[in-house]
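Here is how names work: the chains are called A, B, and so on, in the same order as the sequence lines, proteins then strands, and each is numbered from 1. Fair warning: this is a prediction, and the values are worked out from it, not measured in the lab.
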There are 2 protein chains.
Amino acid sequence: MNIGEAASASGVSAKMIRYYEQIDLIPPAGRTEAGYRIYDEDAIATLRFIRRARDLGFSVEEMAALLALWRDKNRASAEVKRIAEDHVADIERRIRELQGMANTLRHLASHCHGDHRPDCPILEDISEGEAAPALQPPSQRTGFRRR
Amino acid sequence: MNIGEAASASGVSAKMIRYYEQIDLIPPAGRTEAGYRIYDEDAIATLRFIRRARDLGFSVEEMAALLALWRDKNRASAEVKRIAEDHVADIERRIRELQGMANTLRHLASHCHGDHRPDCPILEDISEGEAAPALQPPSQRTGFRRR
DNA sequence: CTTGACCTTCCCATGATGGGAAGCTCTATC
DNA sequence: GATAGAGCTTCCCATCATGGGAAGGTCAAG
């Protein structure tokens, strides 16, 4: 199996397979005489494991730890569980952050009439910040242009 | 006000102030004869607006749009509301993604006894993926090393 | 033998942020 | 006035995971 077949069999792009090899997440693939990478079933299984872990939001570093544990038949399941639970806690923290933002924005948007009139509580609030007094927008132009 | 004072007055780091200037999110600051950037109250107000928007998770591109609307006294509030609501929808989508991950991982972890024994449903599931048959971990070593 | 699909390496870009070096400037103290 | 140290300038590099693309070699089908 060459890298393209390995990519479609595993769901990991060829680009990423080379990258994972480069950062030593996976061992260097064997090569044909012409220099093409070749992959066997073991390698595909590893790539599928990586893809699934990535879909669950694990970082490359966490995937490295999980891979090492996966290969270690004598691992203690406690360590795997700890990694998973740490990751869950991390995800939950990010969810709370996002929920805070969404709640604030929903609240602001609900007070914005959303028509052609110019007054808008959303901008007024953003210019105020958490506790600072209201600020007037500067007269300056920002000069922002898309590049 | 020089850049350090502007940074502490606005909560945006000096590094980021220079960056925002470089990408044309804010106009080039005035300079002293020696080349130091100088900021007036209008500029500080803009930086505070940016910091608040950033805290609400707006991207630089969205901040550019909000800034333009903030400065435009004749803006229609509908446009601001649309940007805010799009952003809320985006945040909600990310929350759902994270919740899916967290649910899967919590489910897996709850079935892992988490002791010194090696069998672990978490790794078994990750190696299976969504619908593929269970895979055996490869005998290969991955060669992963921290760098 | 040609064509087109695929492979290789190498470089660059993303978004938002920080680190740090080399060199200039300002301010307070001696 | 000299000197020290804090603060400013620009420039380059790194992050994390991913993709784009160029230049050039290889393989398989016709």
Tabulate protein N/O versus nucleotide N/O from nucleotides 13-18 of chain D, keeping only pairs under 3.5 Å, one per line.
residue, atom, partner, partner atom, Å
dA17(D), OP1, Val60(A), N, 3.0
dT18(D), OP2, Tyr20(A), OH, 2.7

For residues 19-39 of chain B, the ring pair (Phe, Tyr, Trp, His ring centres under 6.0 Å) pairs (sequence neighbours left out) are none
Using a cut-off of strictly less than 4.0 Å, decide whether Arg31(B) has a side-chain nitrogen or oxygen near OP1 or OP2 of dT25(C). no
Would you give the length of the straight line joining atom CD of Glu21(A) to atom CG of Asp24(A), rounded to the nearest 0.5 angstrom? 8.5 Å
Could you check whether any side-chain heavy atom of Arg51(A) comes within less than 4.5 Å of a side-chain heavy atom of Arg48(A), counting everything from C-beta outward? no
Exam field: side chain Asp42(B) to backbone Ala45(B), donor-acceptor pair closer than 3.5 Å: no
Using whole Å, report how far OH of Tyr39(A) lies from P of dC7(C). 10 Å
To the nearest Å, how far apart are Gln22(A) CD and dC11(C) C1'? 12 Å
Counting N and O atoms only, with roles assigned by atom type, does the side chain of Asn103(B) sit under 3.5 Å from a partner on the main chain of Arg106(B), one being a donor and the other an acceptor? no
What is the distance, to the nearest angstrom, from the CD atom on Glu5(B) to the P atom on dA6(D)? 16 Å
Just compare dT9(D), dC6(C), dT9(C) and give me whichever is closest to any side-chain atom of Tyr36(A). dC6(C)
Would you indicate which nucleotide in dC7(C), dG7(D), dT9(D) comes nearest to any side-chain atom of Asn2(B)? dG7(D)
In residues 86-100 of chain B, what residues come within less than 4.0 Å of DNA chain D, judged by heavy atoms? none
Using whole Å, report how far CD of Glu33(A) lies from P of dT8(C). 16 Å
Is Arg37(A) touching bases, backbone alone, or none of the nucleic acid, heavy atoms closer than 4.0 Å? sugar-phosphate
Quick check on the hydrophobic clustering: are Met16(B) and Ile23(B) connected, directly or via other members, by side-chain heavy-atom contacts under 4.5 Å? yes
Take the protein atom CD1 of Ile17(A) and the nucleotide atom P of dT9(C), then report the distance between them rounded to whole Å. 13 Å
Taking atom C1' of dA6(D) as reference, at what distance in whole Å does atom CD1 of Ile3(B) sit? 15 Å
Does Arg94(B) reach the side chain of Ile91(B), with side-chain heavy atoms less than 4.5 Å apart? yes
With no hydrogens and no angle check, is any side-chain donor or acceptor of His87(A) less than 3.5 Å from a backbone partner on Leu56(A)? yes
Measuring only between side-chain heavy atoms, which start at C-beta, is Asp125(B) closer than 4.5 Å to Arg52(A)? yes
d(CD1, Ile50(B); P, dG15(C)) in whole Å: 16 Å
